[in-house]
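Reviewing the structure listed below.
Convention: sequence-line order gives letters A, B, ...; per-chain numbering from 1.
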Amino acid sequence: MLDQKLIRENPTSVEENLSLRGKVYKISHVHELTVKKKEIDIEISSIQSKSKQLSKSIGNLIGKSQNNNLKELKDLKKKGNEYRIKISELEEKQRILEKEVDDEISNLPNFPSKDAPIGKDESDNVQVKTWGDPFKKENIKSHWEIGESLNIFDSVKSTKISKSRFITLVGNGARLERALINFMIDTHTKNDYLELMPPALVNSESLKGSGQLPKFSSESFKCSNDDLWLSPTAEVPITAFHKNEIIDPKQLPLKYVAYSPCFRREAGSYGRDTKGLIRLHQFNKVELYWFCDPSKSTEAHEKITSDAESILKKLNLPYRLVDICTGDLGFSSSRTFDLEVWLPSSKCYREISSCSNCLDFQSRRSSIRAKIDKKNTYLHTLNGSGLAIGRTMAAILENGQQTDGSVKIPDALVPYFGSKFLKTA
RNA sequence: GGAGAGGUGGCUGAGUGGUCGAAAGCGAACGACUCGAAAUCGUUUAAUAGGUAACUAUUCGUGGGUUCGAAUCCCACCCUCUCCGCCA
């Protein structure tokens with residue numbers, strides 16, 4: 001959520017900042033609404049003040065004389081009644097305006113950071129660095145071919161259970177999934193992250209608080225009988241964990257790691273990545289999340305990214321770091337570093353983690369503050385996958401494939417998985 | 001799901017129409033006493049929004065309503081607790 005005051009006082013700068021995303025944003029209408037709303041706020045409070053004084057003097061008058069039928073009293077009450085009617089009229093206007101303003105501002109994305117590369121779309125993203133040697137060989141199998149031959153997951157049977165884009169992990173596949181979750185959480189908790197295991201169902205307010213609503217309602221699954229949705233990422237419940245709080249600044253930064261199943265409708269992606277573990281309606285993810293002092297979020301962004309990277313390094317998976325351009329930034333983010341893992345079968349890097357600095361965008365939506373220098377200040381929030389489990393498994397299968405059909409398990413994962421190779425059961 | 005009870009400041013808890021933003025206690029801060037501390041005594045101490053400030057408004061679960069005036073009355077919703085039912 002952008003600052004309403006900024007929109008009211010400096011609409012031009014708001015438009016300029018938003019236009020960095022490569023689209024035109026017209027905010028003159030919201031601007032007018034915020035100005036009107038401010039006028040009404042002031043008017044209401046001045047009438048309330050008069051009305052309050054009047055009520056007190058009526059109280060005093062009744063206290064002094066026992067007679068309730070004085071003409072003076074009647075006149076005062078009449079005057080009070082006028083105030084009341086006026087106030088309720090104005091409040092009605094205020095409510096409508098507030099809703100309009102809120103609706104419009106809720107649909108505006110965050111400002112891109114000045115440091116983000118300027119660009120229109122994905123093709124303008126900037127590769128910052130690569131790590132490890134991409135595995136290139138003839139006769140490379142895709143992870144779904146490997147999965148099928150090792151019998152570690154089954155998508156055909158899963159359509160009987162649910163529909164397409166769902167997966168059932170089988171035997172060692174399920175075991176590998178659990179090993180990855182535990183390995184990642186252990187690594188991060190050793191690094192001072194506090195583990196959370198939040199609800200998978202979240203209410204509308206929570207989705208709004210982190211930016212998924214109102215604009216992206218078609219991206220999430222809704223439970224029709226309740227005001228509950230299947231959470232698309234742990235970012236949602238973690239943000240909501242501190243909703244409407246004023247946090248003691250001594251506790252900052254708050255660093256959380258959470259495993260959660262994630263549910264996404266993937267509307268509009270029909271035909272893309274239909275095979276394997278890359279794009280599913282349900283997948284597991286370990287998420288990293290920081291609430292921090294606004295002056296320290298740039299630094300925190302570097303740190304959360306390197307914490308996510310450390311998993312790829314420990315698993316010895318080749319990857320690259322990409323600086324997302326202004327036109328390709330997510331709705332809530334002002335700067336995003338993507339980590340992309342090498343998938344040899346498709347000879348390309350695929351996103352496995354997205355590390356974003358949302359500045360005060362989510363904390364303003366969710367009202368999460370800390371008293372810093374005697375002022376209540378919206379905190380900065382940062383999130384990053386550390387990592388997406390299914391895609392990590394795909395990368396391990398493809399990068400670790402052996403000529404005999406087995407898969408080498410990364411050394412760091414062996415204690416969790418329980419053996420050095422993944423073979424046919 | 002059924003029956004009942006309840007949601008008040010950092011905490012406990014009083015308050016059923018009029019200086020109530022709210023008694024009392026605990027806690028906290030400061031001061032006195034003390035070499036220092038404990039104990040004791042005294043003073044102070046809710047939050048939010050707007051404003052440089054004086055100040056103004058709002059807030060007693062949330063949202064409406066009645067009234068000149070609502071923590072207090074009415075309606076709806078949310079949450080918590082107890083019992084019963086169901087259940088991993």
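Using a 4.0 Å heavy-atom cutoff across all strands shown, A:Lys78 reaches no nucleic acid atom at all. Nucleic acid contact for A:Lys79: none, since no nucleic acid atom lies under 4.0 Å from a heavy atom of the residue. Within 4.0 Å of A:Asp41, counting heavy atoms only, lies no atom of the nucleic acid at all. Residue A:Gly59 is classed as a base contact, given a heavy-atom separation below 4.0 Å to a base. Using a 4.0 Å heavy-atom criterion, one finds that A:Leu76 contacts no nucleic acid atom at all. Among the atoms of the strands shown, only primed sugar atoms or phosphate atoms (P, OP1, OP2) are found under 4.0 Å from some heavy atom of A:Lys5.
In this structure, A:Ile44 places its CD1 atom 12 Å from P of B:U59, rounding to the nearest Å. At whole-Å resolution of the value, CD in A:Glu91 and P in B:G64 are 8 Å apart. The distance between atom NZ of A:Lys38 and atom C1' of B:G51, rounded to the nearest whole Å, is 9 Å. The distance from atom CD1 of A:Ile47 to atom P of B:A57 is 13 Å, rounded to the nearest whole Å. To the nearest angstrom, C1' of B:A49 lies 15 Å from CG of A:Asn244.
Listed nucleotides B:C68, B:A57, B:U48 differ in distance to A:Arg369; the shortest reach to its side chain belongs to B:U48. For A:Arg95, taking side-chain heavy atoms from C-beta onward, the closest of the listed nucleotides B:G51, B:C68, B:G64 is B:G64. Side-chain atoms of A:Ser55 lie closest to B:C68 of the nucleotides B:C68, B:A47, B:U58.
Between B:U56 and A:Ser45, no contact under 4.0 Å exists linking OP1 or OP2 to a side-chain N or O. OP1 and OP2 of B:G50 both lie 4.0 Å or more from every side-chain N or O belonging to A:Lys37. Proximity of A:Lys56 to the phosphate of B:C20: no side-chain N or O atom is located under 4.0 Å from OP1 or OP2. Considering only side-chain N and O atoms, A:Gln48 lies under 4.0 angstrom from the phosphate OP1 or OP2 of B:U58. A:Arg84 has no side-chain polar atom (N or O) that falls below the 4.0 Å cut-off from OP1 or OP2 of B:A70. Checking the phosphate oxygens (OP1, OP2) of B:U67, no side-chain nitrogen or oxygen of A:Asn81 falls inside 4.0 Å.
Comparing the P positions of B:U19 and B:G36 gives an interatomic distance of 47 Å, to the nearest angstrom. Using C1' as the reference atom, B:G85 and B:A46 are 43 Å apart when rounded to the nearest Å. B:G69 and B:C77 have their C1' atoms separated by 26 Å, given to the nearest Å. Nucleotides B:G21 and B:C81 are separated by 28 Å at their C1' atoms, to the nearest Å. Between the C1' atoms of B:U58 and B:G4, the separation comes to 35 Å (whole Å). Between B:C87 and B:A49, the two C1' atoms lie 47 Å apart (nearest whole Å). Nucleotides B:C75 and B:U67 are separated by 16 Å at their C1' atoms, to the nearest Å. Remark: the separation of the P atoms in B:C35 and B:U56 is 48 Å, to the nearest Å.
Under the 3.5 Å distance criterion, with hydrogens and angles disregarded, a donor-acceptor pair is assigned to the side chains of A:Asn17 and A:Lys114. A:Ser210 and A:Glu235 form no side-chain donor-acceptor contact under 3.5 Å, judged by distance and modelled atom types alone. In this structure, a donor-acceptor pair under 3.5 Å is absent between the side chains of A:Asp338 and A:Asn125.
Where A:Arg8 and A:Ser88 each meet RNA chain B at their nearest nucleotide, the meeting point lying more 5' is that of A:Arg8. Nearest-nucleotide assignment on RNA chain B puts the 5′-proximal partner with A:Asn376, out of A:Asn376 and A:Lys50.
Ring centers of A:Tyr256 and A:Phe241: under 6.0 Å apart, within the cut-off.
A donor-acceptor pair under 3.5 Å is formed between the side chain of A:Ser88 and the backbone N or O of A:Ile85. Remark: the backbone N or O of A:Cys358 is paired with a side-chain donor or acceptor of A:Asn110 at under 3.5 angstrom.
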For A:Arg95 and A:Glu92: C-alpha separation, side-chain torsions, deciding distance, then whether salt bridge (charged side-chain N to carboxylate O under 4.0 Å, His left out) applies.
CA-CA 5 Å; A:Arg95 259 198 296 274; A:Glu92 179 64 19; 3.0 Å; yes
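Nucleotide B:A24 forms a Watson-Crick or G-U wobble pair with B:U12, both donor-acceptor distances falling under 3.5 Å. In this structure, B:A38 forms no base pair with any nucleotide, since neither Watson-Crick nor G-U wobble geometry is met with both distances under 3.5 Å. With a cut-off of 3.5 Å on both pairing distances, the Watson-Crick or G-U wobble partner of B:G6 is B:C79. In this entry B:U58 has B:A47 as its Watson-Crick or G-U wobble partner, both defining distances falling under 3.5 Å. Nucleotide B:A88 forms a pair with no other nucleotide shown, judged by Watson-Crick or G-U wobble geometry with both contacts under 3.5 Å. Remark: B:C33 base-pairs with no nucleotide in the shown strands. Criterion, Watson-Crick or G-U wobble with two distances under 3.5 Å.
Under the 30°/60° scheme for interplanar angles, the aromatic rings of A:Tyr416 and A:Phe183 are found to stand perpendicular.
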